[in-house]
Undergrad: 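Handing you a structure now.
Note that ligands are numbered from 1 as they come in the structure, with each ligand's atoms numbered from 1 the same way.
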Amino acid sequence: MSDRVNRQWLLARRPQGMVSPADFEFVERPIPELAEGEYLVRNLYISFDPTMRGWMEDRESYMPPVALGDVMRCSTVGQVTESKNPAYARGTILTGLFGMQELAVGGQGFMHGTPVAEGTPLTWPLGVTGLTGMTAYFGMLELGEPKPGETVLVSGAAGATGSVAAQIAKLEGCRVVGIAGGPEKCAWLEKEAGLDAAIDYKSENVEERIRALCPDGVDIYFDNVAGPILDAALANLALRARVVMCGGISGYNEEKPPPGPQNLMNVIIQRARMEGFIIIDYVSRFPEAAAALTQWVREGKIVHQEDVQVGIENAPETFVRLFTGQNLGKQLLKVGDPVDL
Ligand code: NDP
C-alpha cells in the first residue's frame, strides 16, 4: 500500500440501539499535502472507549458529536512520519485523538498530540497510565476520598477504569468488593487484582450479595454502569457514603434513558453524596496522575489487563466488544509497529 493512501472508518449513520459495525463505513483515501504546522501520524494502537458511543449521537455533550461522514473520533498512540511542525520531529511517539484510521494529519482541530515519555510501553498511555487510569485515580481519590478500613464497591470492576479504581482503593487500605460479568473476570479480580471479593452480576443476585459482603454498608460506590446495579448499591449505602458517578454503560445503547433509580431516598437517609465528573476537568493534573500510576504499575502494586485485537479492518467489531463484555481489560487495536526514522 502506498504511504499516501489512508484506510479510514467513517461514521456512516447514527446508531439505533446497540452499536453495530454497519454504523461505520470503510474507505481508502489519499493523504492531503501537509500545510505548515501540520504533521503526519501513523497510528500504532487505537483505543476504544465507551464514551465514543455518545459521540455517535446527534447531541451536544462535553464534546461535539462526530458528524456523519467524518472519521470516527478516538484516541490513539501513533508515530510522526512526516512533519512541517518543528515541535513534532519525525519519529516522535505521541498520543491524541487521531481517529479510527491508519494515518492522521496532526496539528489541526482536535488533532493535537502529546508526546509519550521515552521508555513507556506503547499501550499504557491509552489505558493504565492514560485516560482510563487517570479517571480511576481522580474519581477514587478526589471524589471517593477513601479512608483506611472503609468498604468500597466498584462496578465494571474488571474493566480498564474499574480495575484501577478498585486497586487504588486497596492501596488506600480499604476493603474492596468488585462487580463484573462472568466467572473469569471475577476470578481475575480476586486472584490477580487482590480484591477482597467479587460479585458476578450475570449469575448472582447483586443486591443480596452486596448486603452479605458489605454488612456495615458501602462507604464508597464507584459506578461505571448505572441501571439496576447502581440501584442495588444505593440500597446498601453506609452513613455518609460517597457515590462516584463515573459512567453508566448499561444505558449507552438504550434508545430512551433508562428509568431512574428506585433507592434514591437512601441517599437522604444515609446523608450520602453522589457526584459526577469528566476526566478532562483534571487536565492540569494529568502529569501527577500519570507519574503515580506509572510508579504503581512498575512496582507491581497495580496490575492491568489489555485486550489487543489486530488490524484496522477489525475496528468496528473491536468497538462492539466493550458493550458485550468480551473485552478483558483495556480494549485496544494494534494497527502498526513503530519504525526507525
Ligand atoms: P471497560 O474496560 O470497563 O469496558 C466496558 C465494560 O463494561 C465491559 O467489559 C463490561 O464488563 C461492562 N458492561 C458492558 N455493558 C454492560 C451492561 N449492560 N451492564 C453492566 N456492565 C456492562 O471500559 P472503560 O474502563 O473504558 O469504561 C468504564 C466506564 O467508565 C464507562 O462507563 C465509561 O463511560 C466510564 N468513563 C468515564 C470517564 C469520565 O470522565 N467520567 C472517563 C473514562 C471512562 P462486564 O463483562 O463486567 O459486564
Undergrad: Can you pull the residues with any heavy atom under 4.0 Å from ligand 1?
TA: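 Residues within 4.0 Å of ligand 1: Pro50, Thr132, Thr135, Gly159, Ala160, Thr161, Ala180, Gly181, Lys185, Tyr201, Asn224, Val225, Cys246, Gly247, Gly248, Ile249, Ser250, Tyr252, Phe277, Ile278, Ile279, Leu322, Phe323, Gly325, Asn327, Gly329.
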Undergrad: Are Arg73 and Phe110 in a cation-pi contact, defined as NZ or CZ under 6.0 Å from the six-membered ring centre and within 45° of the axis?
TA: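 Relative to the ring axis of Phe110, which defines the angle, Arg73 lies inside both limits.
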Undergrad: Can you tell me which residue among Val77, Thr76, Val41 is in a side-chain contact (heavy atoms from CB on, under 4.5 Å) with Leu94?
TA: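 Answer after filtering Val77, Thr76, Val41: Val41.
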Undergrad: Give a yes-or-no answer on whether the side chains of Asp307 and Gln309 include a donor-acceptor pair shorter than 3.5 Å.
TA: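 Checked: Asp307/Gln309 side chains pair up, N/O donor to acceptor below 3.5 Å.
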Undergrad: If you count every heavy atom of other residues, nucleotides or ligands that lies below 6.0 Å from Glu57 atom CD, does the total exceed 12?
TA: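 Enclosed.
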Undergrad: In terms of the angle between their ring planes, are Tyr282 and Phe277 parallel, tilted or perpendicular, with boundaries placed at 30° and 60°?
TA: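 If you compare the ring of Tyr282 with that of Phe277, the planes turn out perpendicular.
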Undergrad: Return yes if a side-chain donor-acceptor contact under 3.5 Å exists between Ser155 and Asn224, otherwise no.
TA: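 There is no such pair (donor and acceptor under 3.5 Å, judged by atom type) between the side chains of Ser155 and Asn224.
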